[in-house]
Protein chains: 2
Amino acid sequence: MADLARVAGVSKITVSRALGDSPLVNRETRERIQALAHQLGYKLNVSARNLRLRRSHTVAVIVEMKPSHDRTMLDPYPLVLLGGISQELTAHGYSVLLTTRQGATAAAVQAADGLILLGQGSRQDAVRRFDKLGLPMVVWGAPGEDDEHVVVGSDNRQGGSVVAEHFVRLGRRNPVFVGNPHHPEIFERLNGFVDALAGHGIKPLLIRRDEFTLASGMDAMHSLMDRGVPFDAVFACSDLLAMGAIRALNRLGRSVPGDVSVVGYDDMPLAASFLPPLSSVRQDWQEGGTLLARRVLSMIDGEPAHSEMLGVELIVRET
Amino acid sequence: MADLARVAGVSKITVSRALGDSPLVNRETRERIQALAHQLGYKLNVSARNLRLRRSHTVAVIVEMKPSHDRTMLDPYPLVLLGGISQELTAHGYSVLLTTRQGATAAAVQAADGLILLGQGSRQDAVRRFDKLGLPMVVWGAPGEDDEHVVVGSDNRQGGSVVAEHFVRLGRRNPVFVGNPHHPEIFERLNGFVDALAGHGIKPLLIRRDEFTLASGMDAMHSLMDRGVPFDAVFACSDLLAMGAIRALNRLGRSVPGDVSVVGYDDMPLAASFLPPLSSVRQDWQEGGTLLARRVLSMIDGEPAHSEMLGVELIVRET
DNA sequence: ACAGCAATTGTTATCGATACCTTGATATCG
DNA sequence: CGATATCAAGGTATCGATAACAATTGCTGT
């Protein structure tokens, strides 16, 4: 910048101001300096700027990246979320520092201006650990009972209730919920489902399955049939579970959607091309990322920020 | 650090050295200062350190994050790759700056010590653009004809040849390749496949399909049957294509693996629980990330680095 | 003609850590 | 015993940008 100042015949500070589009410098001078900077290939030294401004213009995103724990790592969604976050932050001159839970003690993370936690849902201890850093923080997931921090997530409760209404509209009277209610987000889906059905005097059956696999979905249907329980609708808390269920039902001689309606969750790409095309609840992950980013930025700017749930959409296909 | 020095009764530089585990300071003093730093909750100012050292201790990772372009965004693999990268870099005191192609002009990226490009395979123009930054750079993908930059990727050629050998071992004489050879990585798979088969006097058929979906795989089989072409083995360059193919074959009255052997690619989680369990070529993405990180670090340290291909593994299941 | 004001540019200090060069104290040697 | 090596620690300058305050210029109104 000093060099640039010399060439332009002005002082360093004028250069600084000119490049920062400050109205304090004459427009002519400003444009001349900007052109010169571009021409000379000048690159701002971010470290120096950060040091002086006492800001890193960086938001640390902490992702659960251990494969096979939960399932986070094997889903494409966190990446879409990251895409949304990245886009929004970049647009505001911030950058994304990606870390795992393990790497989060690194100095660079502590230097961040804000924190976004992904896939830490059930790990309240982890959340608290990062809370201690005293940084603006936003968590992705289901709002906990003790709302100490700002949470952004998709409205799982609504997800449950739209499916319930859908089943009721179809005249189903004996719906089943398949999933792992231990998981906070899925617990919310179950709650929304149960509450909405209760409004119609219906009480669903819960089949707990911890794995999000085809096999697990098939198994659930088999055990249901074995017990001879009557049912005419299945709400699976993942598309894979739903697909497994459909396959098992077909094999057991029950038609979908003739005898049983099935709805999955996430609307994964495969869902549309499954046979029959799967009905599913879709969440807008990109939008979620954007919102997460907006919230941290607000908090960084000292504005108050509140938790928010994003609406979901039931995609009705043939099941 | 100045405060810390005052409290400890030494000078700033001694504190700096003590915290850096420098042998220049007495071990007693060093340990005393470290304990004190911990106790007082001292946090290193990364920006200041970076400024002085003229290094950001940061590697920018540029990911293609536009959904539906290619398919990168909807695959879980880039995230696994990121996991490997992140883990390795963190272990060496570096952090990961995540960006999209769009955001890559940001100042923070130019300040990085190195660059990792993911999912830019076919976009040679983009690669060149980043090359101009003059930073140590490693690209994930297939090695191009003009090997200007260091490339790390899984050995697609080997992927093709192991499948070929597998088919030959099974006595198949009329194999078909389904996929999009326009894609450099897939082009390599095709090459490996064709060359290995040629060694046995077999010439496979190529069916070009650009989409990586179930429907596309089914469609491929239908057009094959319609044309009345004889074939007894299918190598699909994605698991989804393979699953579609199997479904179509079953529907058309041909048994898998009785009449036709089918092998997919990627060994996605679903592959194992598909019915019948899908044979597929597995790549170790985590390992790939680790290797990418190692290469950039080498280059940052001024050591020469060369391209490298990671081995793949054929998982033989029932198809 | 001159105070008063706006517009523009410059001077100096500062953010926090570390490299280079010194200095003082102790140990070792012929 | 003096000279040199070794160890421990400090003084000062520096990385590159920007904030606070200062200074210059030209213009306006009375």
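Remember, it's a predicted structure, so these values are computed and weren't measured experimentally. Numbers restart at 1 for each chain; the letters A, B, ... are given by sequence-line order, proteins then strands.
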Report the distance from atom CG of B:Asn45 to atom P of C:dT14, rounded to the nearest whole Å. 17 Å
Any salt bridge between A:Asp3 and A:Lys43, counting N to O under 4.0 Å? no
A:Ser47 side chain N/O closer than 4.0 Å to the phosphate oxygens (OP1, OP2) of D:dG16? no
Check whether any side-chain nitrogen or oxygen of A:Ser16 sits under 4.0 Å from OP1 or OP2 of D:dT18, and answer yes or no. yes
B:Arg52 side-chain N/O to C:dC15 phosphate OP1/OP2 under 4.0 Å: no
Take atom CZ of A:Arg27 and atom C1' of C:dT9, then tell me their distance rounded to the nearest Å. 18 Å
Could you tell me if A:Gln34 and A:Asp21 have a donor-acceptor pair between their side chains, going purely by distance under 3.5 Å? yes
Side chains of A:Ser86 and A:Thr90, heavy atoms from C-beta outward: is any pair under 4.5 Å? yes
For C:dT9 and A:Ser11 - does any side-chain N or O of the residue sit under 4.0 Å from the phosphate oxygens OP1/OP2? no
From the set C:dT9, C:dT18, D:dG16, return the single nucleotide nearest to any side-chain atom of A:Ala48. D:dG16
Return the value, rounded to whole Å, for the distance between atom CG of A:Leu4 and atom C1' of D:dA17. 13 Å
In whole Å, I'd like the distance from the CE atom of B:Met1 to the P atom of D:dT14. 20 Å
Just to be sure I understand the rule, does A:Val10 reach a base, reach only the sugar-phosphate, or reach nothing, if contact means heavy atoms closer than 4.0 Å? sugar-phosphate
Measure CZ/A:Arg6 against P/C:dT9 and give the value in whole Å, please. 19 Å
Indicate yes or no: does B:Asp131 engage B:Arg128 in a salt bridge with an N to O separation below 4.0 Å. no
D:dG10 base / B:Arg17 side chain donor-acceptor hit below 3.5 Å: yes
Considering just the side-chain nitrogens and oxygens of A:Tyr42, establish if one lies under 4.0 Å of OP1 or OP2 belonging to D:dA17. yes
When rounded to whole Å, the CZ to P distance for the pair A:Arg54 and C:dA17 reads 11 Å
Heavy-atom nearest nucleotide on DNA chain C for A:Pro23 versus A:Lys12: which residue maps closer to 5'? A:Pro23
Among D:dA17, C:dT18, D:dA9, the one nearest any side-chain atom of B:Leu53 is C:dT18
Spacing of B:Asn26 atom CG relative to D:dG10 atom P, expressed in whole Å: 12 Å
Report yes if the side chains of B:Ile116 and B:Ile85 come closer than 4.5 Å at any heavy-atom pair, otherwise no. yes
Result for 5'-nearest mapping on DNA chain D, choosing between B:Thr29 and A:Lys43, is B:Thr29
Winner on side-chain proximity to A:Leu24, out of C:dT8, D:dA17, C:dC15, is C:dT8
Atom pair distance, as rounded to whole Å: CZ in B:Arg55 and C1' in C:dT18: 14 Å
Taking the side chain as every heavy atom from C-beta outward, state whether B:Met309 and B:Arg157 have any pair of such atoms under 4.5 Å apart. no
Look at the side chain of B:Leu51 and decide which nucleotide, out of C:dT8, D:dG10, C:dG16, has an atom nearest to it. C:dG16
